[in-house]
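Worth knowing before you read on, the calculation uses all heavy atoms, side chains too, and leaves out hydrogens, waters and symmetry mates. In what follows, chains are A, B, ... by sequence order, proteins preceding strands, each numbered from 1.
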Number of protein chains: 4
Amino acid sequence: MAPLNDEQLTQIRDERKEQIIAAALQVFARRGIAGTKMSMIATEAGISHGLLYHYFKSKDDLFTTLVEGAVLEAHAEMKRVYELPGSPIERIRMLTESTLDEGGKPYFLLIHQARTSEGVPERAKLLIEKYSLELFVEQLRPLFEQGQQAGEVAEGDAGELIACYLSVLSGLMVLSAHETPDYIMPRIELLLRLVERR
Amino acid sequence: MAPLNDEQLTQIRDERKEQIIAAALQVFARRGIAGTKMSMIATEAGISHGLLYHYFKSKDDLFTTLVEGAVLEAHAEMKRVYELPGSPIERIRMLTESTLDEGGKPYFLLIHQARTSEGVPERAKLLIEKYSLELFVEQLRPLFEQGQQAGEVAEGDAGELIACYLSVLSGLMVLSAHETPDYIMPRIELLLRLVERR
Amino acid sequence: MAPLNDEQLTQIRDERKEQIIAAALQVFARRGIAGTKMSMIATEAGISHGLLYHYFKSKDDLFTTLVEGAVLEAHAEMKRVYELPGSPIERIRMLTESTLDEGGKPYFLLIHQARTSEGVPERAKLLIEKYSLELFVEQLRPLFEQGQQAGEVAEGDAGELIACYLSVLSGLMVLSAHETPDYIMPRIELLLRLVERR
Amino acid sequence: MAPLNDEQLTQIRDERKEQIIAAALQVFARRGIAGTKMSMIATEAGISHGLLYHYFKSKDDLFTTLVEGAVLEAHAEMKRVYELPGSPIERIRMLTESTLDEGGKPYFLLIHQARTSEGVPERAKLLIEKYSLELFVEQLRPLFEQGQQAGEVAEGDAGELIACYLSVLSGLMVLSAHETPDYIMPRIELLLRLVERR
DNA sequence: AATGAATGAGCGTTCATTCAT
DNA sequence: CATGAATGAACGCTCATTCAT
């Protein structure tokens, strides 16, 4: 009789929103902005395309929301390295592991799309500009410098080392995000050679 | 004016075709299939969009032709390593340099697009399947094995090493294809750490 | 709480219906059929859009109901002129005043919309056909003829005079419905020149 | 062989543009912005809807172009009154005649739509603001003041008289633009009563 | 009776492709 | 061979309408 109460409505809304976000993340990450049709997201989310627009103002809005989440998530992940136990190089290893981990792929890809595609919403551009590689580098600098002092990490400009390492990881993530047998994800031991002191 | 003879016509055709291919390579590599409009290619090639269809049946046809060329070019590039002078590790270094070099990028990128995009023409898919990572690995295996025997290249499964190395390079190529300050291309010395014996 | 009895329910229904009709009248009159969204009416009425459909089958149904009411109201208004005191010309003046008056505007406008818009429901078309200009003219004819006999109203074909006068009034109503500084509502003295004997 | 030359192309473009403008004027005038679908204009012009966008960037662009033309046309028409022969009142009569004339109706209606509809493009709003009633009044003021001095035009504030007269004419134009038997266009003699000295 | 989540037809717009010249 | 006018399929988005609660 009575309409749904506020709590139920909020719950439905939150669920649907999450459902759409999860679906959109998959599709955008794989196909890019131009290659993603709203109908694909709707289908992936199991709803009608019309309903998308109850929850997100536009394709751009949806994409930007995703980028925002991805950017925040990526930084939160980086910060966690300082809560890990072990020596610097061990913690770098664990960071690498969790980065290359399954879960984070779509986020990486999404940010890649946002960085490199045409027609990216202005706000999304600002977001990725603000949360740039530089910021990641500064976040990790203390860890790498500790590693250098401990003789575990290769000497030289720590900033450059981190930037290179992140670039290599990013590149691999982007490749690996697609299900093709044509790239292989190197074992972590191999990757660590890039930063380990010889 | 006398009409052009057959030979001249053929020459014009070939020139035009090359012109279109060069333009299309640039645009497809940077923007992907979905992000590329035929009008962009026409503009880049300095011709009318209508003329594209005198030389290529469709967008898919054009893309597939490009992939075909890129695949052949990539393998030819790989083969040249055996004509280079110097020790194995020096030749790997030169291969790396020329790979990351400006000229080769669009080919790599195009193949990446073909591998990872949705909506790729079937024939293009077959082409890149045929000329897969595995093939590259086998091409380079003799070189790496020589390097291992010479004590220059890290020990272990040479195939795995090559595959990893190519994946890292590919990832970096993909990232570097777009002009953003958010990735940096590592110095070759750094990259070589992945394969050098310590 | 005891459930509401039938009488109370009926009363609620009638009140709500009136509320919706009043809201819809405002919006339709100002914005036309195509320019009016059901959500606008719902907002104006202070209810949810879903509830509209408990009271009216469709947008067309609502519009048609409105036209029906407007047509009846307009004729009732015309009839009232015969209950007014004063000489014919004075009563024409009062009729003019009350016509141009705020209250009557939406009805006039709605009828105008129904007459001139495309996509008007068939039943609404029939209604305004039935209650045509001609009918208004005949309603007013006795008054104007009295005026002519009294030497107050210009001579000539009374029917034509009335029709012209109503057309001028209608046109002004239509213009004045929108709040732009680009039309001015003439003073009644000026308008009366159209019908007064010189 | 050779493509069409510039002259031919320009001619085709101009013809098509005129064709579209004429069609759009009809449809917009009759149905308003919201009620007009681009497909209607295309059908009326006898072309595909896609082609509309070769000639006009958007529905708004097309509408604004029309308003611009209508506004300029209206003012040009007003100016012509000063090239007419005869006494002031005769010239007012001729102006009235040509205003109520068939050809000008869609222009009037279009400006009416632009003034009163929702969702009117900003540039169109600016245009009609710039070419407002006030401007028309000032254009006609000399003529009406001459008429007053000659004892042909009713005394009083000439500006008010002109504004009222134009409002009445505008209202009638708006009504008469739709083909319904429900309004009648008054004879000019009747309308002139509004401005003639008694 | 009342709410708002959900659907899908339909419109504005883009762009690959065709074709007259 | 070369051009650009022309077409129409398909996408982003809106909104009338339905329906579970």
Checklist entry - What is the nucleic acid contact for C:Thr36, judged by heavy atoms within less than 4.0 Å: base, sugar-phosphate only, or nothing? => result sugar-phosphate

Item to check | Residue closer to the 5' end of DNA chain E, C:Leu51 versus A:Ile47 (nearest nucleotide) | outcome: C:Leu51

Next on the checklist: Check this one for me: any side-chain N or O of D:Tyr53 less than 4.0 Å away from OP1 or OP2 of E:dT13?
Outcome noted: yes

Checklist entry - Which whole-number value in Å describes the distance from A:Glu15 CD to E:dA6 P? => result 10 Å

Checklist entry - Starting at CD1 of A:Ile12 and ending at C1' of E:dA6, how long is that distance when rounded to a whole Å? => result 10 Å

Checklist outcome for this item: Closest heavy-atom pair, A:Ala114 versus A:Val67, reported as atoms and distance to 0.1 Å, is CB-CG2, 3.9 Å

Checklist entry - So, is A:Tyr55 near the phosphate of E:dA6, with a side-chain N or O under 4.0 Å from OP1 or OP2? => result yes

Checklist outcome for this item: In whole angstroms, the gap separating P of E:dA6 from CD1 of A:Ile41 amounts to 17 Å

Checklist entry - Expressed in angstrom and rounded to an integer, what is the separation of A:Lys59 atom NZ from F:dC11 atom P? => result 10 Å

Next on the checklist: Looking at D:His54 and F:dA5, is any side-chain donor or acceptor paired with a base atom of the opposite kind under 3.5 Å?
Outcome noted: no

Checklist entry - With no angle test and no hydrogens, is the base of E:dA9 tied to the side chain of A:His49 by a donor-acceptor pair under 3.5 Å? => result yes

Next on the checklist: Would you say that B:Lys57 contacts B:Leu62 through its side chain, given a criterion of any heavy-atom pair below 4.5 Å between the two side chains?
Outcome noted: no

Checklist outcome for this item: Nearest heavy-atom approach of A:Ile111 to A:Ile128 is CG2-CG2, 4.3 Å

Item to check | Intra- and interstrand pairs of DNA chain E - dot-bracket, Watson-Crick/G-U under 3.5 Å, | marks other strand | outcome: .||||||||||||||||||||

Checklist entry - Of the non-hydrogen atoms in C:Ala124 and C:Thr64, which two are nearest, and what is the gap between them? => result N-CG2, 3.9 Å

Checklist outcome for this item: In whole angstroms, the gap separating P of E:dT21 from CZ of D:Arg16 amounts to 12 Å

Next on the checklist: Please report the distance, rounded to the nearest Å, between CE in C:Met40 and C1' in F:dA16.
Outcome noted: 13 Å

Next on the checklist: Here's one to test your reading of the geometry: is the NZ or CZ of A:Lys17 within 45 degrees of the ring axis of A:Phe56 and under 6.0 Å from its centre?
Outcome noted: yes

Checklist entry - Given side chains that start at C-beta, do those of A:Val71 and A:Tyr107 come closer than 4.5 Å, heavy atoms only? => result no

Show me the donor-acceptor pairs within less than 3.5 Å that the side chains of residues 19-41 of chain A make with the rest of the protein, sequence neighbours left out.
unit_1  : atom_1 : unit_2  : atom_2 : d
A:Gln19 : OE1    : A:Arg16 : NH1    : 2.7
A:Gln19 : NE2    : A:Ala45 : O      : 2.8
A:Thr36 : OG1    : A:Val27 : O      : 3.4
A:Thr36 : OG1    : A:Gly32 : O      : 2.6

Item to check | Spacing of CZ belonging to A:Phe108 relative to CG belonging to A:Leu110, to within rounding of 0.5 Å | outcome: 12.0 Å

Item to check | For atom CG of C:Leu52 and atom P of E:dA2, their distance in whole Å | outcome: 11 Å

Checklist entry - Tell me: NZ of D:Lys37 to P of E:dA9, nearest whole Å? => result 17 Å

Item to check | Between D:Gln11 and D:Glu7: side-chain donor-acceptor atoms closer than 3.5 Å | outcome: no

Checklist entry - Between B:Ser58 (side chain) and B:Asp61 (backbone), is there a donor-acceptor pair under 3.5 Å? => result yes

Checklist outcome for this item: What residues 19-33 of chain A contributes to the DNA chain E interface at heavy-atom separation below 4.0 Å is none

Item to check | Nearest-nucleotide 5' precedence on DNA chain E, B:Ser39 against D:Ser58 | outcome: D:Ser58

Checklist outcome for this item: By nearest-heavy-atom nucleotide on DNA chain F, the more 5' of A:Ala34 and C:Lys57 is A:Ala34

Next on the checklist: Is A:Arg13 close enough to E:dA5 that one of its side-chain N or O atoms is under 4.0 Å from OP1 or OP2 there?
Outcome noted: yes

